[in-house]
Amino acid sequence: MNVCIRQFKTAVAAARSCRRWVHTSVQTMTEEQIAERKYASSIVHGRSEHPAFYHPRTHHVPVALIHLRSYFPELLDQFVHFTTHTAAALAVPISKPAHLPTQRSLWTVIKSPFVHKKAQENFERRVHKRLIKAWDADEEVVERMVKYLETHSMAGVGMRVVRWQRAPVGVGQQKLEAVMSQMRPPPQTRAEKVKALGEEIVKQELASAEAQTATELVLPASPAEAPKASS
């Protein structure tokens with residue numbers, strides 16, 4: 001028993017000394033030494049205990065919104081801390097977690113029916129929400145971050161991600177040209193085709209006129225117009 005207590009005290013003292021060393025080493029680092037690549041590639045024991053490094057925004061172009069919600073604020077804050085460290089490791093500029101309004105739901109349930117209707121019990125449910133916004137990151141990097149967060153999701157914490165996808169320059173003009181090419185009438189026929197079509201129409205009209213005159217000549221005269229025979 002004494003051996004276990006001694007080992008436990010030794011481990012606690014070592015952890016405290018390591019934490020004190022990390023805290024002092026991070027404080028003594030200058031801005032040049034704490035550059036993005038050097039900080040991300042270096043091994044800092046106990047880094048998760050400190051706040052995450054927020055990368056500066058370059059173009060202020062929003063790429064994603066991360067909505068987190070939970071019934072337990074302790075679990076929610078822990079997963080928010082994990083999300084900020086994930087974005088810092090992937091060099092994604094994000095905002096500090098914003099506290100959204102807490103959603104409250106109240107229910108009143110009757111304990112006993114009939115004469116004991118006045119004995120009622122109230123229940124309340126609170127949904128705590130946080131919002132993190134990401135800027136200036138490639139679509140593949142955002143996809144990797146979202147998959148990593150989904151893989152290491154925490155029980156009791158819900159996550160919803162809204163992503164913006166950027167189209168290449170000139171895609172609007174290409175779509176407009178494609179639509180206009182479908183709506184554009186067929187090209188005009190050549191002069192030879194028009195002339196041949198006119199000659200064919202004239203031949204058909206002449207043939208139909210000749211056939212009509214031939215039928216008029218063949219028809220016999222009516223009886224009323226026939227000459228009377230002499231007595």
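These numbers were taken from a predicted model, which means no experiment stands behind them. The first residue in the sequence is number 1, and the count goes up from there.
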State plainly whether one hydrophobic cluster holds both [X] and [Y], where clusters connect Ile, Leu, Val, Met, Phe, Trp and Tyr through side-chain heavy atoms under 4.5 angstrom apart.
{"X": "Val80", "Y": "Met159", "value": "yes"}
{"X": "Leu131", "Y": "Val157", "value": "no"}
{"X": "Val162", "Y": "Trp135", "value": "no"}

Test item: [X] side-chain N/O and [Y] main-chain N/O as donor-acceptor pair under 3.5 Å:
{"X": "His81", "Y": "Leu76", "answer": "no"}
{"X": "Ser181", "Y": "Glu177", "answer": "yes"}
{"X": "Thr108", "Y": "Asn122", "answer": "no"}

If you measure from [atom1] on [X] to [atom2] on [Y], what distance do you get to the nearest 0.5 Å?
{"X": "Arg57", "Y": "Ser95", "atom1": "CZ", "atom2": "OG", "result": "7.5 Å"}
{"X": "Lys195", "Y": "Glu200", "atom1": "NZ", "atom2": "CD", "result": "15.0 Å"}
{"X": "Gln165", "Y": "Glu143", "atom1": "CD", "atom2": "CD", "result": "8.5 Å"}
{"X": "Gln173", "Y": "Met180", "atom1": "CD", "atom2": "CE", "result": "10.5 Å"}

Quiz item: Do NZ/NE/NH1/NH2 and the carboxylate oxygens of Arg126 and Glu124 come within less than 4.0 Å?
Solution: yes

Quiz item: Considering the options His152, Arg130, Met154, Glu74, which one meets the side chain to side chain contact (heavy atoms under 4.5 Å, CB included) requirement together with Phe79?
Solution: Met154

Practice problem: Apply the test ring-ring contact (aromatic ring centres under 6.0 Å, His included) to residues His55 and Phe53: give CA-CA distance (whole Å), side-chain angles for both, the deciding distance (0.1 Å), then the verdict. | Solution: CA-CA 6 Å; His55 295 274; Phe53 176 74; 4.9 Å; yes

Quiz item: Which residues satisfy the side-chain hydrogen bond (donor to acceptor under 3.5 Å, both in side chains) test with Arg69, sequence neighbours excluded?
Solution: none

